[in-house]
Amino acid sequence: MLHSVKTRDYHVVRFAGDSGDGIQVQGLHFTNAIGFSGHHLSTLQDFPAEIRAPVGTTYGISAFQIQFGGDRIRTPGDTPDVMVAFNPAALKVNLPILEPGALVIVDEDAFNPRNLKKAGFESNPLEDDSLTNFDVYPIDITNQTLQTLGLFELSRREALRSRNYWVLGFMLWVFDLPRYPLTDWIKKRFEATPEVCRANLAVVNAGHAFGEIAEHAHVLQHKTILQKPLEPGEYRTIRGSEATALGLSAVSQLADMDILYCSYPITPASAILHELASMRDPRVATFQAEDEIASCCAAIGASYSGAFGVSSSSGPGLALKAESLGLAIASELPLLIINTQRAGPSTGLPTKTEQADLLQSVYGRNGDTPVPVVAAKSSADCFQAVIDASRIALRHMTPVILLHDGYMSNSADLWAIPDIDDYEPIETHLTAADRLPDHAPHDAIFERDPDTCARPWAIPGRHRLMHRVGGLESDIRTGHISYDPENHQIMTDMRLEKIRRVADFLPDETLVQGSFESALLVLSWGSTYGHIYEAVETCNKDGGSVAQAHLRFVHPFAHNLEVLLKRFDTILVPEHNAGQLATLIRSELPALASRIRQFNQINGLPFSALDLIDAIRGALVDG
Amino acid sequence: MLHSVKTRDYHVVRFAGDSGDGIQVQGLHFTNAIGFSGHHLSTLQDFPAEIRAPVGTTYGISAFQIQFGGDRIRTPGDTPDVMVAFNPAALKVNLPILEPGALVIVDEDAFNPRNLKKAGFESNPLEDDSLTNFDVYPIDITNQTLQTLGLFELSRREALRSRNYWVLGFMLWVFDLPRYPLTDWIKKRFEATPEVCRANLAVVNAGHAFGEIAEHAHVLQHKTILQKPLEPGEYRTIRGSEATALGLSAVSQLADMDILYCSYPITPASAILHELASMRDPRVATFQAEDEIASCCAAIGASYSGAFGVSSSSGPGLALKAESLGLAIASELPLLIINTQRAGPSTGLPTKTEQADLLQSVYGRNGDTPVPVVAAKSSADCFQAVIDASRIALRHMTPVILLHDGYMSNSADLWAIPDIDDYEPIETHLTAADRLPDHAPHDAIFERDPDTCARPWAIPGRHRLMHRVGGLESDIRTGHISYDPENHQIMTDMRLEKIRRVADFLPDETLVQGSFESALLVLSWGSTYGHIYEAVETCNKDGGSVAQAHLRFVHPFAHNLEVLLKRFDTILVPEHNAGQLATLIRSELPALASRIRQFNQINGLPFSALDLIDAIRGALVDG
Amino acid sequence: MGNMSYKDFASDREVRWCPGCGDYSVLKSVLHALADTGSEPENTVFVSGIGCAARMPYYINTYGFHTIHGRAPAIATGIKLGNPDLEVWVITGDGDGLSIGGNHLLHMFRRNVDVNILLLNNEIYGLTKGQFSPTSRYGTISPSSPGGTLTQPVSPCHFALGSGATFIARGIDVDQKGLVALFQASKAHRGTGFVEILQNCIVYNKDAFENVTAKASAPETQLHVTHGKPLVFGANREKGIKLNPETLSLEVIDAHKTPGEVLVHDETNSLIAKLLVDLTPPLPTAFGVIHRRTATPFEDVFFTQRKSASRAPFDTLLRRAIIHDHREDASPE
Amino acid sequence: MGNMSYKDFASDREVRWCPGCGDYSVLKSVLHALADTGSEPENTVFVSGIGCAARMPYYINTYGFHTIHGRAPAIATGIKLGNPDLEVWVITGDGDGLSIGGNHLLHMFRRNVDVNILLLNNEIYGLTKGQFSPTSRYGTISPSSPGGTLTQPVSPCHFALGSGATFIARGIDVDQKGLVALFQASKAHRGTGFVEILQNCIVYNKDAFENVTAKASAPETQLHVTHGKPLVFGANREKGIKLNPETLSLEVIDAHKTPGEVLVHDETNSLIAKLLVDLTPPLPTAFGVIHRRTATPFEDVFFTQRKSASRAPFDTLLRRAIIHDHREDASPE
Ligand SMILES: Cc1ncc(C[n+]2csc(CCOP(=O)(O)OP(=O)(O)O)c2C)c(N)n1
Ligand SMILES: Cc1ncc(C[n+]2csc(CCOP(=O)(O)OP(=O)(O)O)c2C)c(N)n1
Ligand code: SF4
Ligand code: SF4
Ligand SMILES: [Mg+2]
Ligand SMILES: [Mg+2]
């Protein structure tokens, strides 16, 4: 079959190979070139399951996917139309998700009997007719690379590691993308080792040249139509962990205070720890504790002493923080818990995504212990989300749980670099304590802010306001231990009221697309935002009448949420859990319960557009 | 004021004094005499807050309360009509709860300036007119006791410790109760120390004689009208901890297996640990672990190896078990968690009661991790509740959370001693594994019971069915680790279905009083059963039209619950939390949400009849 | 030193331990140590877990944080990392510190955070009414072990040594003079100071230490150690501890006859520390500073590293990734 | 001994560690030890927490329980109390066992439950991609410590000693013969057997132990200890460890010249154990059984007490309280 230059609004390109093949580096550089060319984009890193696997096996496959195009892109796409497979296993694993007719570039040199067997192919798919649905383009990539490198003093092993640069060069040619971002980077990166530098540049150029000269190669070329090129501005690609780390740095500036980020390594939450550690912001220190309990407790200690304590984890780690969260609630300290949700229960599927910690976040502690719960919606949004969540924690003197998920932490968005001066400063209750005289009486130390019920943040070292706090019930007036029944009722009511008051400060929820006249509202929260956005958009393009609202603040709800939802007779809530937001809505806004339809996918993967569209159409039909 | 013999259907008597005054022993003996006289009864122990306090202080007061009478008694009563106060602090603390006109017996010798000051009295209440609302009867109890003991070789301190026996003798006379249960007990107890024995008997008799001979004393006599004396049978008083320990012993017999009870001391859960340890049932061993996590894990280990693992705690301790509970769910092991709820959040009010761990029990873990939640309703009921909960755990191969509360563990009921032969044996999935041949293939080892979805309980030592389980997602067929997306969906669905199926085995919910024609349903769960029962009964006696239903199985609900609730337009849910069962009902049975009214009291105390009646009347009026 | 008296360090709260509890005396020693060393109430924090001992912060007029069971060391670590200039004390018990909290103690020792840890060891769970603890002796009868406990106790000082603690001391509740000196030494030590205090729980484990602490027999049952001084005890300091170099076992010798053979205490030598923490009756129990060595406190390195971090300005951090610059005037960089 | 070969103990699961990981060799030694000591697959359980090492149970054809991070010792304790006749092994890592799980290890040691604990120490968190662990050396650079770690490492064997462990041994991943012998000895020991294995994480902490384990320098860097034998090392076993009895410090002496002064290993002496666990480069590292002493395993006493409990029949238990008897024919008792 012959290939022709394909022009489309967007492309979904996937690179797949062994962990050692440099797939992720390749993906990043490809993304970079896309970014420089002014396309919108979104990417996804797909790592093999947690144990590093032997070369050539299907469970050792690492992949990188990017969707890019000429209009706002919100997801890395479901069905790649272009794929590069470095070996048979990579082909095997990824075939099921390819678009029919997709261009499949393979390194034919890797399709030897050993690798084919490891991948579980009975015969060579390049030779039988099992790939007729696709445009398969086999290239002797290994051979091409080795030939190029023959001129350099590199071992065969080192040389083979450069295959990704060859492929990059070739792929840049395929999509007609600029080479200089990559070549500049190589020059800088390998400044100290000129031989390696020259070798890599040579390989990139060889790959590019191959495209230009190879027979039939011209027909491989793909183009994207730029409908809406990027607005002028400064952009970068950003992963969830990067956005969170930068967001925390922003918080420390906006609140003018130190942050202590306490964590215990766990997939996928660790990415933020690594990012922060490498950032070395002197106002945002990291502390790797001995376990999750200690990490939460150290953060509480930090907040007690007047820094802002942040503690992060994933699924089982959040469960371990439950008791100490109770202490932070009882002692009314600001605290931020970032939980990168992963597929559960228990150890579950650590590298897969899920949204199943919502109810744990809202209810998972002893006693009536409410906390606000905030959710980020995309990698880039993690920046704003962590600022929003921190603002609540500091304004209301309360722990806040910020929910991320595995999908967010492995995907990357294009992000317009913000200006910190555009953000409102974050007020803290240190100032309330600053206003008190030395040795003020206890009822002054515990006098609450009339709007938030927050107490002054009287801290050692800064205030001469010696007093004691703790996990026992305390007197509403003086903070002393109190066994008084009436006081316990008052304090419980106050704690509930305090969290209810958070809603007084929340912006109204709005529709993110569609109108109030739509026949159906799709209500999303968390990282499903993008997939759901695209699915709703598609439905509407096909004549559907669908609106979307998206919750940043999952607990408490914004005051207007009920009114907004009431405008729709049918509300579809797609979630990666067994219906946790749906459960919350039913219990908090029961008048709406009969309108709620659930769509629950709990397989560790993001939604596919097709499934979502089906669910939306189903809800439109059944009402 | 003169006193007259009072006859009523029931009495509420309260003893109060310092921790060292022997109040609780006294209460038990008084209870015993009541029991022997054929009355119905219910008691409450009211301990001072956790720190042992100096003598004579209000916060060091220990109290014992009993309600007894001629018809079924379900609570220890709210408003004592008779009280004995051993010192001014005891009087001070308890005055607010007495019935107007109550008989107040005090040891006038203890009303010295020092004690009055410690109790915070400005003047002696026996001498001013602050007690005109009550029938105060001051006796020189100390003096009387010392005089009696003048004949014996006891130190003054030892002698003073006998005041409670003097009061017992007197109170037995007041209510015309038999002395022999007490005197027999004293003879047995002090067999080895005849001097002490004789002294105590003398003091009891002196107290009794004082009643008979003292001027005016005859007018103090109180009588209870026995409307419905106890059915013939064998009875005992029983506390929640005793009933639970006996229930676990029954479980080990009914299931014919060993139990490992693992716990870490915490108030109020420790009572069960102590009871079991002292019981020394060789089939129900106790293990005090290093913390709550280890206690849960050790129980999981026990269940893994084929014993039945039970782990208990209170509030913050349950929070700590969240992660390990997830493991038990993932590895599908039977496990019983007994949680004695106490007032939260955090350390809270450890000795006070609350029902605020319900949502934590249902939702407090990472991932979609459902478990059945069962609640006991009274001290005596703890026996049946632990059998019910264990049966579910063993039949469905799942962890089960059994909720107790602080009230239950400090109160005691009269209990008709059961015959273990009347109970159905408990089946386990060991037999399913027994049926498999040695080295059976993995899909046999994981073949599920069609009714319950439970897997065979293949255990080391008993079965040659070597296999591996764990917290990573496992293949539904073979139990091997599986990263397959579809399998994760199937397993998640299976876990949800498994818990849903528990409902297939639950008895229908019924009304415990009232009819379907009643204008209002009061829905109770847990230890509020008795208070709510009495309040509903009172309302109905006064012409109200109120029914009561009571949930033993809080999650999942019995299949017929929705139908039952639908028969009522208004459903009042009184709880000692901010509305957790109400929340569950709204989310699970949203069609009923508009009918739900909440009544929430979170002050660490049981409901008072008056407040409940008000709430019921309010709900009747407002609909 | 300071110009506040020990009474100024007492809070206005009524102290609520059982009459006769050893905690009273420890509290008093703490107050004295604070006054003597010139602690500043507004710069001092007492952190505790849960237990009878853990109530102590309420009675001290500094900042106080009564936290959750076993976690005080972790919280104290956070406090020091939040503000390293604070003087931080942790009050814990044998259950709080060594049952539920053992792991956090280990890591506190390992990190050598500059915090003073006072572990009030009454060999029982006081607050929860008398269950055995990890330091309870073999066979202890308690509500949860009516047939007697089944395990050998853990030795707090031995545990601290195994965990790499840099300051290990032991004292007795009623020996106020001794305690104040140990608290002062702990405060002076840069890094984690650990003081085990034998504390009498008069209600649930009365006189558990009577065999060691009784005044009458004290000269025979207590070995008070001082750096650079020989390890001697007895009414006339006539008994000396000697190490048999062949068998590496201990012998009690006549210190007056062969003073040269008596071992000399060297705080910095961890082998001697091991030898001292192993001393149990019938040999005398060691008191005083058992081990002390110089090591940098965690927060010193922590803040040095933090400050020296050549942090890029935020605007640079924002651009730390590969930047796609689409400003009209931008040229690739 | 047994009539199963080591291969019979391998499960049918594909082993999935990184090529070149030290775990492979440890697994093989485990399989050999099982075969050699005649373990019965149906009576043997491998319990592990989370980590690369903790995957091992999947590869062994006995019962296996891959539990949660740090809690394997607690679960293993429950297993032994559920069925004391089972042979139980715990597989853990330096993070699993000493970071999150330190407290459970402490209490396992203190109780002396008859379980074999293999701690694969690669001084790094392997599974979570290379963050530093509590055993990482000072200054270790890792994703969570790009500027180098700030603390001294904890020594697993020293921690075990401080926690009262009754069997402490150390081996090297690739020394299969040595490991098999240690595993056998641990299994033979009644009580908790603790074996620290220096394990090479080729991906995240490559050759961390090269300075100790490299074949060429091994005679100088390794001290293999045997009960009753002098502590000698060197190519010709010419170097001996001597304790200076005055300073209680160690010296290396010529073992050929003054053999009498060389310390003789005594497994039962905990002071020698302390001395051995303290040996770090430039002194040679100790391998073999460092400490072993007889002590009753927890479950022995547990089950003895349980069986001897003169348990009242259930009907009596039901009536253990004061009984109110209202049967018509009853008379007060
Ligand atoms: C998570 C949790 N578990 C258990 C408890 C109950 N508890 C409170 S204090 C304590 C032990 C106290 O013993 P110790 O630390 O020795 O202090 P002491 O009372 O003897 O001074 C326990 C088990 C608790 N408060 N929280
Ligand atoms: C509660 C919890 N916290 C954190 C993790 C993440 N985690 C898994 S293994 C591991 C550390 C592994 O290190 P180590 O025990 O040394 O084993 P290795 O991989 O090096 O063999 C961590 C932090 C987890 N699974 N569960
Ligand atoms: S119970 Fe013991 S430790 Fe607690 S206050 Fe009383 S005497 Fe002190
Ligand atoms: S990461 Fe390290 S420890 Fe884990 S399997 Fe790979 S080499 Fe082994
Ligand atoms: Mg204690
Ligand atoms: Mg490791």
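Throughout, a chain's letter reflects where its sequence line sits, starting with A, and its residues are numbered from 1.
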Taking every non-hydrogen atom, the tightest pair across B:P590 and A:R586: CG-CD, 3.6 Å
Distance check, rounded to the nearest 0.5 Å: A:Y363 atom OH versus B:L584 atom CG? 8.0 Å
What's the spacing between A:E473 CD and B:T347 OG1 if we round to 0.5 Å? 10.5 Å
For B:L318, is it the side chain, the backbone, both, or neither that has a heavy atom closer than 4.5 Å to a heavy atom of chain A? neither
B:T492 versus chain A, heavy atoms under 4.5 Å apart: side chain, backbone, both or neither? side chain
A:Q489 side-chain N/O to B:I602 backbone N/O, donor-acceptor pair under 3.5 Å: yes
Measure B:R342 against the heavy atoms of chain A and call it side chain, backbone, both or neither at under 4.5 Å. neither
Tell me, for B:E323 versus chain A, whether the close heavy atoms (under 4.5 Å) come from the side chain, the backbone, both or neither. both
4.5 Å side-chain heavy-atom contact, B:L472 and A:P350: yes
Can you tell which part of B:N600 gets under 4.5 Å to a heavy atom of chain A, answering side chain, backbone, both or neither? backbone
Measuring from B:N487:CG to A:N603:CG, what's the distance to the nearest 0.5 Å? 11.0 Å
CA sep, side-chain torsions, deciding dist, call: A:D368, B:Q580, side chain to side chain donor-acceptor pair (under 3.5 Å): CA-CA 9 Å; A:D368 286 304; B:Q580 302 198 359; 2.9 Å; yes
Side chain, backbone, both or neither: which part of B:I293 has a non-hydrogen atom closer than 4.5 Å to chain A? side chain
Using non-hydrogen atoms and a 4.5 Å limit, figure out which bit of B:L359 sits close to chain A: side chain, backbone, both or neither. both
Which distance, rounded to the nearest 0.5 Å, do you find between the OG of B:S346 and the CG of A:N366? 7.0 Å
Is B:S482 close to chain A through its backbone or its side chain, or both, or neither, when contacts mean heavy atoms under 4.5 Å? backbone
Contact origin within A:L496 toward chain B - heavy atom pairs under 4.5 Å: side chain
